[in-house]
Amino acid sequence: MSDANEPTGAAGPAGSVGPNGGAAGAGAGAPDTNSAGDPAGSAPGRRVRVVLVDDHRMFRTGVQAEIGQTERTGVEVVGEAADVDQAVTVITATRPEVVLLDVHLPGGGGVEVLRRCSPLMADPEQPVRFLALSVSDAAEDVIGVIRGGARGYVTKTITGTDLVDSVFRVQDGDAVFSPRLAGFVLDAFASTDAPPVDEDLDRLTQREREVLRLIARGYAYKEIAKQLFISVKTVESHVSAVLRKLQLSNRHELTRWATARRLV
C-alpha cells in the first residue's frame with residue numbers, strides 16, 4: 001500500500017479525487033453540515049490551505065474526499081506527499097497554513113519533517129502549523145512529534161467533521177488532541193518525574209527504535225523482517241536511517257550505543 005516513490009504534486013480540485021467513502025480504516029464520515037450548508041465547527045467563509053503527508057495513497061485519497069470539498073468544508077488541499085523528502089519539498093513550495101502529518105514515514109518519520117520545517121513553523125508572518133494524524137496512539141509517538149513542534153495529535157479514527165474542526169483550531173494556534181492522548185503530553189511535560197530527554201533517541205521513529213532493539217539483540221535482517229511483518233529491504237532502509245541519524249558506522253557500534261542506554 002505504501003507509495004513512497006510516487007511523484008509529488010498538488011492535489012486535484014476539491015472533490016475530484018478518491019471514492020466518496022474514504023480510505024478503509026480512516027474512521028471518518030463525510031463532514032456534517034448545518035442548515036446553511038456549512039460544515040459543523042467552521043465559520044462561514046473561512047478557508048484553510050492544507051497539505052496531506054501520509055505514505056498510503058489510499059488514505060490520502062480518502063481524506064481528500066472527506067474534507068477537501070472546499071466550498072462545503074473550507075479546507076483546500078494544496079499538496080500531498082508520501083515520504084520525508086517529498087513532504088519538505090511540497091510544504092516549502094506551497095506554504096500551507098496546516099499540515100496533516102503521519103508519524104511513521106519513509107525517510108525519517110514525522111519528527112524529521114518537523115525538524116527540517118522548523119524555520120517555516122517559526123515564521124512570524126506566515127507560520128506553517130502541523131497536526132499529527134496517525135494510526136498510532138503510542139505515548140512516545142505523541143510526545144516525539146509534540147516535542148518536534150506539532151500543535152496537536154489525533155488518531156485516524158477521527159470523524160471527518162472533527163478533523164475539519166481540528167484543522168481550523170490548529171490554524172488558529174490552538175493545541176488539539178484526541179481525548180486520551182492529552183494525558184501523555186501532560187505527564188511528559190508537567191511531571192517532575194518525567195524521564196530526561198534523549199535527543200539522539202528522539203530522532204528515531206517508533207519503527208526505527210523497534211529495528212534498533214532487534215539489531216542490538218543480534219537478530220538477522222530476515223528475522224527482523226519476519227517479526228515486524230516488513231520486507232528485508234525495508235529493514236535495511238531502517239538500519240541505514242538509524243546509523244545515519246546516530247552517526248554510527250556499523251551494527252556493532254549500534255549495539256554498543258543501544259546497550260549503553262539500556263534499550264536492549
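Bear in mind the structure is a predicted one, so any value in this text is a computation, not a measurement.
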Problem - Option passing side chain to side chain contact (heavy atoms under 4.5 Å, CB included) with Val167 (candidates Val176, Leu133, Leu100) - result: Leu100

Problem - For Asp102, the option from Val135, Val113, Asp55, Leu52 that meets side chain to side chain contact (heavy atoms under 4.5 Å, CB included) - result: Asp55

Using a 3.5 Å distance criterion without hydrogens, assess whether the side chain of [X] forms a donor-acceptor pair with backbone atoms of [Y].
X      : Y      : result
Glu66  : Val63  : no
Ser178 : Leu181 : no
Thr70  : Val75  : yes
Asp172 : Asp174 : no
Thr92  : Thr89  : no
Lys245 : Leu204 : no
Arg49  : Val78  : no
Ser237 : Lys233 : no

Problem - Derivation and outcome, side-chain contact (heavy atoms from CB on, under 4.5 Å), residues Arg217 and Thr255 - result: CA-CA 8 Å; Arg217 291 171 184 169; Thr255 299; over 6 Å; no

Student check: side-chain heavy atoms of [X] and [Y] closer than 4.5 Å:
X      : Y      : result
Val50  : Val48  : yes
Phe177 : Val154 : no
Val128 : Arg95  : yes
Pro96  : Thr94  : yes
Asp83  : Gln86  : yes
Tyr219 : Ile215 : no
Thr161 : Val164 : no

Exercise for the section: May I ask you to say whether Glu210 pairs ionically with Arg207, meaning some side-chain N is under 4.0 Å from a carboxylate O? Expected result: yes

Handout entry: Salt bridge flag under 4.0 Å for residues Lys226 and Glu223
Key = no

Problem - Criterion side-chain contact (heavy atoms from CB on, under 4.5 Å) on Leu243 and Ser240, from CA distance to verdict - result: CA-CA 5 Å; Leu243 292 174; Ser240 296; 5.7 Å; no

Problem - Working for side chain to side chain donor-acceptor pair (under 3.5 Å), residues Thr155 and Thr157 - result: CA-CA 5 Å; Thr155 62; Thr157 57; 2.9 Å; yes

When rounded to the nearest 0.5 angstrom, what distance separates [atom1] in [X] from [atom2] in [Y]?
X      : Y      : atom1 : atom2 : value
Asp54  : Leu101 : CG    : CG    : 9.0 Å
Ile224 : Leu228 : CD1   : CG    : 7.0 Å
Ile67  : Glu76  : CD1   : CD    : 12.0 Å
Leu214 : Arg209 : CG    : CZ    : 14.5 Å
Met121 : Ile91  : CE    : CD1   : 9.0 Å
Arg244 : Ser249 : CZ    : OG    : 14.0 Å

Heavy-atom pair with the smallest gap, counting every atom of [X] and [Y]:
X      : Y      : result
Ala82  : Leu105 : O-CD2, 4.1 Å
Ile146 : Ala150 : CD1-O, 3.5 Å
Cys117 : Phe130 : CB-CZ, 3.8 Å
Thr205 : Glu208 : N-OE1, 2.9 Å
Val53  : Ala87  : CG1-CB, 3.8 Å
Ala258 : Ala216 : CB-CB, 3.7 Å

Problem - For Glu97, salt bridge (Lys or Arg N to Asp or Glu O under 4.0 Å) partners two or more places apart - result: none

Practice task
Show the numbers, then the answer: is there a side-chain contact (heavy atoms from CB on, under 4.5 Å) between Tyr153 and Ser136?
Solution key: CA-CA 10 Å; Tyr153 194 116; Ser136 171; 3.8 Å; yes

Exercise for the section: Tell me, with the steps shown, if Gln171 and Arg46 meet side-chain contact (heavy atoms from CB on, under 4.5 Å). Expected result: CA-CA 11 Å; Gln171 181 191 26; Arg46 288 199 63 182; 2.8 Å; yes

Practice task
State which residues pass side-chain contact (heavy atoms from CB on, under 4.5 Å) with Arg129; sequence neighbours excluded, sorted by chain then number.
Solution key: Pro127, Arg151, Val170

